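Working notes, structure below.
Everything numeric in this text was worked out from a predicted model, so none of it was measured.
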Amino acid sequence: MWQVLGCDLDEIKEAPLCNVQVDLVFVLDGTGSVGATNFEKMKTFVQKMISDFELGPEGTRIGVVVYSHRASLEISLDAYDDQEALNGARDGVRKVAVILTDGVSYDDPAEPAQSMRKAAIITYAVGIGSNLDRDQLDVIAGVPDNLFVLDDFSMLDNLRTTLPTQVCDASTSEQILIRIVITSVRFDVSLLNGNSTEFQTLFAQINRAFIGFFPGVPGFTAPLVSLAPGPDDNSVVAMCLGSVPAFATNTVRTGLLNASEELNNLTLNTALTSVVAVLSQFSPSIGSVDIVSLRVTQILPGSTAATTSVDVEVVATTSAVSAVQTRLTNITAPGQVLGGASIITSQVALTAPLCNVQVDLVFVLDGTGSVGATNFEKMKTFVQKMISDFDLGPEATRIGVVVYSNRASLEISLDAYDDQEALQDAVADIAYPGGYTLTGAAIDYTTTFAFSTRNGARDGVRKVAVILTDGVSYDDPAEPAQSMRKAAIITYAVGIGSNLDRDQLDVIAGVPDNLFVLDDFSMLDNLRTTLPTQVCDASTSEQILIRIVITSVRFDVSLLNGNSTAFRALFAQINRAFIGFLPGVPGFTAPLVSLAPGPGDDSVVAMCLGSVPAFASNTVRTGLLNAQLNNLTVNRALTSVVAVPR
């Protein structure tokens, strides 16, 4: 029997290493390069990590995501509360993601990783093996202290000496929003592209600047969240989300606010440095008003280069909602100081319903024979649930429904109902028609008839169509979809099942971000975590008409045929050119509207309808007018960007 200082080891009762509240998700690489044996080693590692945490509603919750070319939530955060059985995310609880990978990602993880940190989620990256992209791992981790590189999967056990402690410490730390204005770097639109050399260089510079900045403060990190133009052309604003042990918050704040202009390798305008501890300002009890929980949901550049926008979600009991709203309105009024920063503007609003903006929204449902009556009912149920996510009314959202097969029918016009329950009942009464598929004709019908003013469409209101289909259309939807976008209607495509034509779905959606592909109709509910927000954001965005002259493609009459190989190829090229072009601008899309001959025989004019968050209009305009687009050669002198009136 081993003994330590006279104590028998078998008499010591082990307690979980970490007994704090944290929502922890492991994101496991399930790609072919990992292999079944190494995947089992990752699972064993997670099982062992589980034993280091005390699970429960008031302790740690653990979830697991597995990914390859698609991701799957294998274990939700609220699934299990005991270690052997092994949990939804909780408001007001620190959130941590541990992302394991053995290779190079075919897509760029920089912007998704920054978005994760914008949502105040702490990220750790674990790279395993020799086929790694260190730049990708750096941007996933955010800071060097959160990155682990292992030679092979058998070394995962080594992490158990450090990772549980880091996660536990991070869960009890305070988060602070650090804003610095860097005057030694000139802003360029390439800094909004997380995969660009300019971004990677500045990302590394900022990390080096903070490494060892507070050697007496264990666990201090400050990963980059976003970059934006500074107050003049020769500066850049960097937003960093700092993690600080609670006992050292004042030390760190004072140190940052009094830092010299030379922060290691960066020159700063120290007069514009700010450090905001947002959540600490909303204690669980503000005066006599009880707040159940709160969390930072988004961090973005503000309306000017000198401001920052922070979204905080506050949850209160139903009886206290009115009092909470009043109190929050008072403490966030312009001129108030919150977390060390002066408030310029604020808005306090109830979050239910999710979307309370003006939008004319039409669902276009596939009622063909291949769908079947049972799946048609699932589509109707999905629409009924989506209705509950929108505030209906003459000054809010209006919803209509078109059903199609070989003919289309307007089942519910946009001006038919202003009451959620009545509209949901009307959807329930829609009959299943059967027939064969003419999606193109249905799109034309929706554009000209469902979105007509006589059927309730409103002038000056954003228009959105969500088109659901389970199969291949017998007519070509390319031209009808482009005509729909020419009418300034934003299109979303939802393809369901295995009998799909991806090219048709691509041209219906217009851009990849507006396309959703589901394995079967039972997965429609999954869209409710993303689609309502996308529709709502699109409804408040500005639309711009982008004209580019492409000199790397010779015009041919086949480009006017949306079903031709030439059209499909250029359509895909243009989409690739805009994907990730402005990753620092959430929600930016630019679907193709039309192609036409250029000013010379060796050029093509492409018209694209851009969707841009209002705060980023000038950034996007400047970026486009000065851009050379990835895989396309463009005559920049002929590029134009024009705002589209509502």
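- With sequence neighbours left out, Tyr67 forms a ring-ring contact (aromatic ring centres under 6.0 Å, His included) with no residue at all.
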Begin from the C-alpha positions of Ile121 and Val25 and carry the test side chain to side chain contact (heavy atoms under 4.5 Å, CB included) through to its verdict.
CA-CA 10 Å; Ile121 300 169; Val25 175; over 6 Å; no
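- At least one donor-acceptor pair closer than 3.5 Å links the side chain of Gln482 to the backbone N or O of Val593.
- Residues meeting the ring-ring contact (aromatic ring centres under 6.0 Å, His included) test with Tyr445, sequence neighbours left out: Phe449.
- Closest of all the heavy-atom pairs between Ala431 and Pro433 is O-CD, 3.4 Å.
- Every residue two or more places apart in sequence or in another chain that forms a ring-ring contact (aromatic ring centres under 6.0 Å, His included) with Phe376 is listed here: Tyr432.
- Annotation: the span from Arg462 atom CZ to Asp360 atom CG amounts to 11.0 Å, rounded to 0.5 Å.
- A salt bridge (charged side-chain N to carboxylate O under 4.0 Å, His left out) check over residues 493-510, counting only residues at least two apart or in different chains, returns the pairs Arg502-Asp506.
- No side-chain donor from either of Asn635 and Thr551 sits under 3.5 Å from a side-chain acceptor of the other.
- In this structure, the side chain of Arg485 does not engage the main chain of Leu609 through any donor-acceptor pair within 3.5 Å.
- Atom OG1 of residue Thr446 and atom CZ of residue Phe363 lie 12.5 Å apart, to the nearest 0.5 angstrom.
- Atom CD of Glu421 sits in a sparse spot, with 12 or fewer heavy atoms from other residues, nucleotides or ligands closer than 6.0 Å.
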Using side chain to side chain contact (heavy atoms under 4.5 Å, CB included), reason through Val466 and Val383 one step at a time and then give a plain yes or no.
CA-CA 10 Å; Val466 179; Val383 173; over 6 Å; no
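- Between Leu595 and Ile574 the shortest side-chain heavy-atom distance falls below 4.5 Å.
- Taking the side chain as every heavy atom from C-beta outward, Tyr492 and Leu361 never approach each other to under 4.5 Å.
- Within the 3.5 Å criterion, the main-chain N or O of Gly510 finds a donor-acceptor partner in the side chain of Asn575.
- Note that CE of Met523 and CD1 of Ile496 are 10.5 Å apart. Values are rounded to the nearest 0.5 Å.
- Listed here is the closest heavy atom pair of Ile508 and Pro477: CG1-CB, 3.9 Å.
- Note that CD of Gln136 and CD1 of Ile99 are 12.0 Å apart. Values are rounded to the nearest 0.5 Å.
- The side-chain heavy atoms of Val427 and Phe382, taken from C-beta on, include no pair separated by under 4.5 Å.
- Thr633 places no side-chain N or O within 3.5 Å of a backbone atom of Ser552 that could act as its donor or acceptor partner.
- Looking at Gln543, its side chain never comes within 3.5 Å of a backbone N or O of Ile490 through a donor-acceptor pair.
- Residues satisfying the salt bridge (Lys or Arg N to Asp or Glu O under 4.0 Å) criterion with Glu395, sequence neighbours excluded, are absent altogether.
- In this structure, Asp520 has no salt bridge (Lys or Arg N to Asp or Glu O under 4.0 Å) partners at least two apart in sequence or on a different chain.
- The closest side-chain heavy-atom distance from Asn514 to Pro591 is not below 4.5 Å.
- Not counting sequence neighbours, the partners of Ser413 by the side-chain contact (heavy atoms from CB on, under 4.5 Å) test are Leu410, Asp415, Ala416, Asn455.
- Here the side chain of Gln420 pairs a donor or acceptor atom with the backbone of Phe390 at under 3.5 angstrom.
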For a side chain to side chain contact (heavy atoms under 4.5 Å, CB included) check, start with the C-alpha distance between Cys536 and Val357, then their side-chain angles and the critical distance, and finish with the verdict.
CA-CA 7 Å; Cys536 202; Val357 299; 4.0 Å; yes
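- Partner of Val401 under the side chain to side chain contact (heavy atoms under 4.5 Å, CB included) criterion, chosen from Ile412, Leu423, Leu414: Ile412.
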What pairs of donor and acceptor atoms, side-chain ones from residues 437-444 against any protein atom, are under 3.5 angstrom apart with sequence neighbours left out?
none

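- Annotation: the span from Gln424 atom CD to Asp429 atom CG amounts to 12.5 Å, rounded to 0.5 Å.
- Scanning all heavy atoms of the two residues, the minimum distance from Ser603 to Val549 falls at CB-CG1, 4.0 Å.
- Side-chain atoms of Val472 and Asn499, non-hydrogen and from C-beta on, do get closer than 4.5 Å to each other.
- Counting heavy atoms from C-beta on, the side chains of Leu527 and Leu518 come closer than 4.5 Å.
- Inter-residue side-chain proximity for Gln573 and Ile550 is flagged as unmet; no heavy-atom pair is nearer than 4.5 Å.
- Take Asp556 and apply the side chain to side chain donor-acceptor pair (under 3.5 Å) test, not counting sequence neighbours, and it matches Ser558.
- In terms of modelled atom types and a separation under 3.5 Å, the side chain of Arg547 and the main chain of Leu638 share a donor-acceptor contact.
- The two atoms that bring Pro597 and Val605 nearest to each other are O-CG2, 3.6 Å, heavy atoms only.
- Residues Leu137 and Ala125 share a closest heavy-atom pair of O-CB, 3.9 Å.
- Taking the side chain to side chain donor-acceptor pair (under 3.5 Å) definition, one finds that Asp366 meets it with Thr368, Thr469, sequence neighbours left out.
- A donor-acceptor contact shorter than 3.5 Å is absent between the side chain of Thr491 and the backbone of Val464.
- Residues passing the side chain to side chain donor-acceptor pair (under 3.5 Å) test with Arg568, sequence neighbours excluded: Asn563.
- By the side chain to side chain donor-acceptor pair (under 3.5 Å) test, Asp419 pairs with no residue at all, sequence neighbours left out.
- The minimum heavy-atom distance linking Arg458 with Lys463 is given by the pair O-NZ, 2.7 Å.
- A donor-acceptor pair is defined here as one N or O able to donate and one able to accept, closer than 3.5 Å; such a pair exists between the side chain of Ser405 and the backbone of Gly434.
- The shortest distance between side-chain heavy atoms of Phe521 and Val371 falls below 4.5 Å.
- Put simply, CG on Leu191 and OG1 on Thr197 are 11.0 Å apart, with the number rounded to the nearest 0.5 Å.
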